[in-house]
Structure formats: structure tokens, C-alpha cells
Amino acid sequence: MSEGAAKKEERRKFQAIKGTRDLLPPETALWNRVERIAQEVFTSYGFGEIRLPIFEQTDLFARSIGAETDVVSKEMYTFEEKATELPSPRPFFTPRGYTPALEEAFQANPGFNTPENRRRLALLKDHLSTLEQAEVRRDAKASSAAYDHYVAVLETILQGDRVSLRPEATASVCRAYIEHNMQQLPQPVKLYTIGPMFRRERPQKGRYRQFYQIDAEVLGGSDAPGIDAELIEMVMTLFKRLGLEGVELDINSIGDKQCRPKYVELLRAELRKVKDKLGPDSQRRIETNPLRVLDSKLENEQKLIGGMPHIADHLCEECAENYRGVKKELELRGVKYRENWRLVRGLDYYSRTTFEITAKGLGSQNAVCGGGRYDGLMELLGGPPTRATGFAIGEDRLILSLQEAGKRPAAKGRDVYIAWMGEKAYTKAVQAAKNLRAAGFSVELPPVEQKFGKALGQADKLGARYALILGDNEVASGEWTLKTLATGEQAKFTEPTLLDFLQENNAV
Ligand code: ATP
Ligand code: MG
């Protein structure tokens, strides 16, 4: 590298990675408000918060979301848990010497201390003990077989597990439900979680690679339509309290494992008849996942898709009854909905009610919430058969829509700026700042002395409501001057009367 190039490299400015962004004040005040109100609303419906890890075993997502989906096959951030921190078995090792060293390394390395690895370690111990017994018996064949078994398991450990940044929260919530035996709690268990998700998608308005979801799940219990309806009522209540505009709720039922396969076959047969007129994506999906064809946004496919059979006409009696029940329960709760027969979920574990909520000001990325019932997922993840339903709100889009509608929180300036001069005044100022903050006011205390003129200018720039003026005169007389910056009015207060005045005139 030339010297010039090296200098340039040194001065290189770092930028946030494509598809990620910084959320800054005052915008973060809106994020906090949204999350606080979500917590209030969800708590009023009996939900508790769950905080989850941001990465999980890749297999968890492959199994739940589906290995063939775009999310899992192309969009996940996946890396290997490096096995280099484990003691190397090369060049020489004996299972007897190596096993305790490995166990110690697992304990020192939380990343390796997974249930899967603990299971493998137990296997290693089994093979070791078989090996030792074979040696005692001088059974060369058995000991060599045990050795081979040992090495095979060891290899899977040394390869390390693949882990991925989570692209959604449902899989982790179900994993946690199973891991913590939550089926033993009173059912259903109602959980919500808020946090970042990661998908390597093409960034555009309302679509990021790190985005945030507000997620709620109802796990266990029955498939009573009231559960789905209450969940939908809850998210609609949240949107109403936030003042979200142009909210539209679409619902559908996609049947269950009894009736859906028949409909899917019928749909596939009908789609095959018009295959030549469809684009390459839809053509492929006819074979892989015909329901997804209904999702198509391509202009020239709309008319053809419009003529396809509706799933509502092919539900089994139980599913049809359940769907009627959900609609009745929504009406009971005054929740307005639109039936959209093309609203589907492409994954097998989904069943019955699905819904999507759109809002204003978001262009083509206008879905702020997607949800539905997924009675089959828990079993797929090795848990007991468990009914479940939930939703995920795209928080970035929710915030974007609120901002487009002009719902920015007023940038809140400081309540009080302390303009002090002189050492004695400083001592008082430090104490006053502490007391005012303890009373809930936002206070700015300049760390170095400023001329009063400059201090007042600074107070103005920070949007402070009051300047508290503390100079030698004020300290000597015990009467402090408070200036209201908007009007220029000044008044004198003793320390206790100042606090009374602020509390009366400034709701904290
Ligand atoms: P879309 O059809 O918009 O891609 P999706 O079906 O992939 O959404 P879900 O997996 O159901 O979305 O996630 C629920 C919500 O999360 C979406 O309705 C959306 O608001 C939000 N969301 C999904 N992907 C992104 C992303 N890349 N950036 C921002 N928000 C997202
Ligand atoms: Mg998507």
C-alpha cells in the first residue's frame, strides 16, 4: 500500500452496515412510547414479557420456518460456533484423558454448553466406559468399536454447531415453552417480546436487515375462537391507542391438516391449467407451495389468480365452524375486519385463522402486523401437541406510519439550565441539580463556568424552559433567580419555594 493510500485508509469513516441504522433522539422517544404503551396494553390482557437470545441453533429456524423458505435458505445470518476453543485431540489423545478436559471446556464456554452438546458429552462418556470395560475383558474388537463410536461423536462436537441470528421470534418462544416445561403452568401461557430481528433482504423503505418486532404469542389452551379474537382485539386496541391511521384488518382461515391438503391439490390442478400464463416464480410455486401463488403481487397474474377456487368453500366442518366463530367473536368485540381469501401462510404448521394488518403511509411495504394460528409447530419442535396463536408487529413500519401521520413526539428540552458563576455558586449549583433531578426534573449543569450571557444562549439552544441563575449575589442572599426563557420573566425564590414553584408549574 502506498503511503497515500495508507493515510486514506486511516481516515476511512465507518458507516452503519447496509440495511441497519441508528435510531437517534428525539425519534427514540417515539420508540419508547410505542413500547411502553404496548407493554401496558399487553399487560392488561394478561401477557407477561419473555426476553430471548438473539441467536439460536440454525436448525431451530430451519425446522420451524422451513428450510425451503426464502427466509431460511437465503436471508439468515449464519455462522459456525468455532470449535477452536476446545482442547485439540491432535496429535495424540486418549478418550480417558480427553473426556474430562472436554467437559471442563464446555463449562468454561457457555456457547458450547447446549443441550445438544450435553447429550453428545453423555454419549462420549458412555462410549468411554464401554471402551474401558472392553479393555478389562481384553476384548480388542469391542474396544476398537467403542473407540470408533467415541471418535465419531467427537467429530460432530468439533465441527461446532451452526447458529443464526433470529429472523423472527415465534420459534424461540416455542423453544422456550418446551425447554421450561411451560405446559405445566396454567394454560394458555401468554407471552410477548420486543426486539431486533435479522434478515438479509434488499433494503428499501420499511424493509431493513435489522428490524424490530413486537411479538405476542398465546401458547396452550384450546382452539376456542375467543382466543384468536381476543388476540386480534388486543393488537387493534394497541394501534388505536397509538393513533395509527388507515388501519385495515384482513382475515382468512386456511383450514387444518385434514382439509387443507385437499384444497392445495385442487388449487395445484387448477393452476397447472394456466401454468403457461404465469411468471417463473409462480410456475415454480405450483409444485413447491401452491398457496404462495395466491400471494403474488404481479399485475398480469391477478386476473388468473382471481379465478382460482377459494379455500373457504373447501374447509372441513370443524374448520368452517371455527372460522364462523372467530368472525362472530370479532363482531362481539366491535373489531372491523375484511375477509381476504388470498391471505395465506405458506408453512404447514399454520392452521385456521390467519390475519394481516396494514396501515397508511408505507407504500408497498404496508403490512404492519402478521399473525395466525400454528397448532402444529410445537410438536414439530419436539414438544407436546400444543395449540398456539400469535402475531408479530413490524415496529419500524409502525413508527414510520406514525411519523408520516405527523405523530412525532415534541422534542422535550431540559426543564432547567443552571447558569452559575463563581466557586461558591458552583457548590450550590451541584446540590441544586441533584435535588431537582431527584424531584424528576431534567437539569443541565454546565461543568465549567460561563458568562451569564453565554449560559442563557446555551439554555435557549437546548430548549430549556427555565434558567436558574446562581451568582455571588444569589448565594449571599439565599434568594435565587429563575428566568422563564420563553417570556424573559424573572422571579426570586429561596431554595424550598423554588421547588414548590417548579412542581406547580411544570408537571413532571
Ligand atoms: P413482508 O410481506 O412485508 O415481507 P413478512 O410476511 O415477511 O412481511 P412476517 O415474517 O410475518 O413478515 O413478519 C411480521 C411483520 O414484520 C411484517 O408484517 C412487517 O411489518 C415486519 N417485517 C418483516 N420483514 C421486515 C423487514 N425486513 N424490515 C422491516 N420490517 C419487517
Ligand atoms: Mg418478508
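When a ligand or atom number is given, it counts from 1 through the structure's own listing order. As a basis for the values below, the full set of heavy atoms in this structure was taken, side chains included, without hydrogen atoms, waters or symmetry mates.
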Note: Arg21-Asp396 ion pair, threshold 4.0 Å (strictly below): yes
Mode of Val368 contact toward ligand 1 - side chain, backbone, both, neither (heavy atoms, under 4.0 Å): backbone
Side-chain touch Glu40/Arg241, heavy atoms, less than 4.5 angstrom: yes
Contact with ligand 1 for Glu168, non-hydrogen, under 4.0 angstrom: no
Parallel, tilted or perpendicular, as decided by the 30° and 60° cut-offs, for the rings of Phe55 and Phe79: tilted
Option whose closest heavy atom lies nearest to atom 26 (C) of ligand 1, chosen from Phe198, Phe211, Phe391: Phe211
For atom 13 (O) of ligand 1, the protein heavy atom that lies nearest, with its residue and separation: Gln213 NE2, 3.1 Å
Top protein contact for atom 28 (N) of ligand 1, by heavy-atom distance: Tyr208 N, 3.0 Å
Nearest-option assignment for atom 1 (P) of ligand 1, heavy atoms, candidates Arg207, Gln204, Gln365, Lys297: Arg207
Distance from atom 27 (N) of ligand 1 to nearest protein heavy atom, with residue and atom: Glu201 OE2, 2.7 Å
Polar side chain donor-acceptor pair, Gln210 to Tyr212, under 3.5 angstrom: yes
Geometric class of the Tyr77/Phe198 ring pair [parallel <30°, tilted 30-60°, perpendicular >60°]: perpendicular
Nearest-neighbour protein heavy atom for atom 3 (O) of ligand 1, which is reported as residue plus atom name and distance: Arg397 NH1, 2.9 Å
Numbered atoms of ligand 1 (with element) below 4.0 Å of Ala392, judged on heavy atoms: 14 (C), 15 (C)
Closest approach of any protein heavy atom to atom 21 (C) of ligand 1, naming residue and atom: Gly394 CA, 3.6 Å
Nearest-neighbour protein heavy atom for atom 20 (O) of ligand 1, which is reported as residue plus atom name and distance: Ala367 O, 2.7 Å
Per-atom contact, atom 8 (O) of ligand 1, protein heavy atoms, under 4.0 angstrom: no
Atom 5 (P) of ligand 1: nearest protein contact (heavy atom, Å): Arg199 NH1, 4.1 Å
Any donor-acceptor N or O pair under 3.5 Å, side chains Tyr323, Glu339: yes
Atoms of ligand 1 close to Gly206 [distance to a heavy atom under 4.0 angstrom, numbered from 1]: 28 (N), 29 (C), 30 (N)
Residue pair Glu265, Lys262: steps toward the salt bridge (Lys or Arg N to Asp or Glu O under 4.0 Å) verdict: CA-CA 5 Å; Glu265 272 326 304; Lys262 285 185 217 138; over 6 Å; no
Flag for Glu301-Ser282: side-chain donor and acceptor within less than 3.5 Å: yes
Aromatic plane relationship, His314 with Tyr263 - under 30° parallel, 30 to 60° tilted, over 60° perpendicular: tilted
